[in-house]
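Note on naming: letters A, B, ... go to the chains in the order of the sequence lines (proteins, then strands), and numbering restarts at 1 for each one. As a basis for the values below, the full set of heavy atoms in this structure was taken, side chains included, without hydrogen atoms, waters or symmetry mates.
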Amino acid sequence: MGKTFISYNNILSSLGFDNETVVENISKGKSGLAKFDDASLLPEPFCASMISSEKVKNEFNKIGDASAFTKLEQMMLLSLKNVVDASKIPLNENVGLIISTTKGNIDVLEKDSNFPESRAYLSELGKTIQHFFGFKNEAIILSNACVSGILAISAAKRFISESKYDHVFITSGDLVTKFILSGFNSFQALSAEPCKPYDKNRVGINLGEVAASALVTSSEKNLPKEAVEILGDATCNDANHISGPSRTGEGLFRSVKAALKEANLNAKEIDYISAHGTATPFNDEMEAIAFSRLEMQNVPLNSLKGYFGHTLGASGLLETIVGMHSMEKNILFSSKGFTELGVSKNINIIKTNTPKTLNTFLKTASGFGGCNTAVIFKKTNN
Amino acid sequence: MVSLNGNVLFSEVPITIGAEDFSTFIKNAYKFLQTDYSKFFKMDNLSKLAFLAADVLLKKENLNEEENNIALIFSNKASSLDTDRKHQAAIENDAEYFPSPAVFVYTLPNICLGEISIKHRLYSENSFFIFARFNAEHLQLYANSLLRSGKAEKVLCGWVDLDENSYDAFLYLVEKQGEIEHKTEEITRLYNIL
């Protein structure tokens, strides 16, 4: 089978609308999280990473009529346009489009929404994005809880391996809405303070909104310097519980094993793990157990939730992109919010930005429905 | 109606207009198929539909009690909108604000894959796709990729859609040997005769 790469990429977030700004802010330790007290979103104060609608609209008006698109659409279109333009790839029959989201335009269900309820159908979101750019192929939408963003990379690789496409553009996005906030709050999973993944004093998650996009391609030509090769990928279910992770980290353990096998690497050959780290007591503990079972306890690991919050269906792609830039710069970014280990197994959380030669990294994610995805990447040295 | 390989297993005879609504249908199908699984009653409508359809196929497979490697590749149009609307209704008015975690957890379409995985001990690949209409080609390609790469021994694929009171489920099991060739035209033909 031929090689597959992640090429051009973009992050549109509260830490900036382009990669350089976002990565620069992460390296300075800046977080996009802020505290909000907005009863129209949640009856009590919360902490989240939000993007100003005004700012998105002003930026969008440079490329189209913002009033015709929802906030999420504007974000995803802006983000994907950046990648489509940079790639210079003509959008012909050999080019696919994958959209990754958990809730899409769910805010159109609100009674005072300016958009019809039909916009809540994810296939409508797919059509909007397809037609804006003139993609020849219908959008493939992946909605698989919090692994969606990383699973989209697997799916792109799989469609390329079946020779359906030569190139696949992925765009991912989710919003911080009343819908999502009220739901996570009903689980008592939200932290009112900035989250602390793996920390002894962690109490829960912060939600975040972002759009992230990337090109997955079989072509080695015209790759940017941060491009990576996709070496192995796997998704495994816990077969245990729909809303709680397995106590033994079974699905995560199995997905990493299977990804390593396909990558033909052993656990010690991974230079860095970009983990899920939501900062809920159960998730972080589960991950620590799985990485310990995998004998990866010494591999430097971070969670990026302290910078962006949990960006749901976009998080896997967002965090992969940050990992690509981290690897290109040979810097391990600190796991923001972490001070003292609060999981039962010893794992190597990155406390401060650390220079290190990086050639491979593992991205993992876990989500509701018991799903776990692992993908392994290698530097291309372009 | 519930059918397996073209043979009708269960058919609801409408006694009065409205008797074929989803909750009556699924309850009667559950009883008729002798599905003894208490967690079924906690599921949302989409999960009930997907679970029962998968159960009809998988209980004939003599599955291992410990673990099985059957990938799940499901798709639909309405995602989890049926349950999304219920959660939205519970938060719409400040005076009657009462979001429930038991409802919210089902506001993701892939939860039904988790329910099926728990019941049948599937520690396998899961993907939930959304398309405007049944898309045999992409299901076929994705299943081929999982079988070819050895990531799955078998793949349970299909369409499970539920929106307002309209619902349909069409699932099929793909493996390396069988009588019907795994190609887009055949899958589409089988979907259309239902």
Which atoms of [X] approach chain A - backbone, side chain, both or neither, heavy atom under 4.5 Å:
X	result
B:F98	neither
B:S127	both
B:L72	neither
B:D163	side chain

Intermediate values then yes/no, side chain to side chain donor-acceptor pair (under 3.5 Å), B:S80 and A:K103: CA-CA 9 Å; B:S80 55; A:K103 296 315 307 164; 3.3 Å; yes
Quick one: what part of [X] sits under 4.5 Å from any heavy atom of chain B, side chain, backbone, both or neither?
X	result
A:A234	both
A:E138	side chain
A:Y165	side chain
A:N240	backbone
A:E117	side chain
A:R254	side chain
A:A39	neither

Reference residue B:N126; test side chain to side chain contact (heavy atoms under 4.5 Å, CB included); the match among A:T373, A:L151, A:N237, A:V147: A:N237
Does [Y] offer a backbone N or O that forms a donor-acceptor pair with the side chain of [X] under 3.5 Å?
X	Y	result
B:N110	A:L142	no
B:H87	A:F179	yes
B:K151	A:D233	yes
B:R121	A:A239	yes
A:E162	B:Y142	no

Is it the case that atom [atom1] in [X] sees more than 12 heavy atoms from other parts of the structure closer than 6.0 Å?
X	atom1	result
B:N93	CG	yes
A:E44	CD	yes
B:K59	NZ	yes
A:F282	CZ	no
B:N192	CG	yes
B:K86	NZ	yes

Supply the atom-to-atom distance [X] [atom1] to [Y] [atom2], rounded to the nearest 0.5 angstrom.
X	Y	atom1	atom2	result
A:S243	B:I111	OG	CD1	8.0 Å
B:S79	A:I106	OG	CD1	8.0 Å
A:F368	B:T107	CZ	OG1	8.5 Å
A:L125	B:I130	CG	CD1	11.0 Å
A:K111	B:E92	NZ	CD	4.0 Å
A:I141	B:N135	CD1	CG	10.5 Å

Student check: side-chain heavy atoms of B:E67 and A:E250 closer than 4.5 Å: no
Side-chain heavy atoms of A:S143 within contact of B:F128, under 4.5 Å: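 No, side chains not in contact.
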For A:I242 against B:E115, the heavy-atom pair lying closest together: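 Shortest heavy-atom contact: CD1-OE2, 3.6 Å.
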Heavy-atom closest pair, residues A:S186 and B:P99: CB-O, 3.7 Å
Distance-only polar pair, side chains of B:S145 and A:K164, donor-acceptor under 3.5 Å: no
CA sep, side-chain torsions, deciding dist, call: B:R148, A:R158, side chain to side chain contact (heavy atoms under 4.5 Å, CB included): CA-CA 10 Å; B:R148 212 196 300 274; A:R158 290 166 185 179; over 6 Å; no
Parallel, tilted or perpendicular: rings of A:F159 and B:F129 (30°, 60°):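 The rings of B:F129 and A:F159 sit tilted, inter-plane angle from 30° to 60°.
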Please determine, among [options], the option with the most heavy-atom pairs under 4.5 Å with chain A.
options	answer
B:L108, B:L146, B:L113, B:I91	B:I91
B:N69, B:D94, B:D84	B:D84
B:L122, B:N144, B:I118	B:I118
B:F131, B:Y97, B:Y123	B:Y123

Full working for salt bridge (charged side-chain N to carboxylate O under 4.0 Å, His left out) between B:K77 and A:E124: CA-CA 10 Å; B:K77 181 184 181 197; A:E124 291 302 306; 5.7 Å; no
Based on non-hydrogen pairs under 4.5 Å, which of [options] is most in contact with chain B?
options	result
A:N372, A:D238, A:T102	A:D238
A:G126, A:G251, A:A155	A:A155
A:G369, A:S123, A:G183	A:G183
A:L109, A:I180, A:L122, A:I99	A:L109

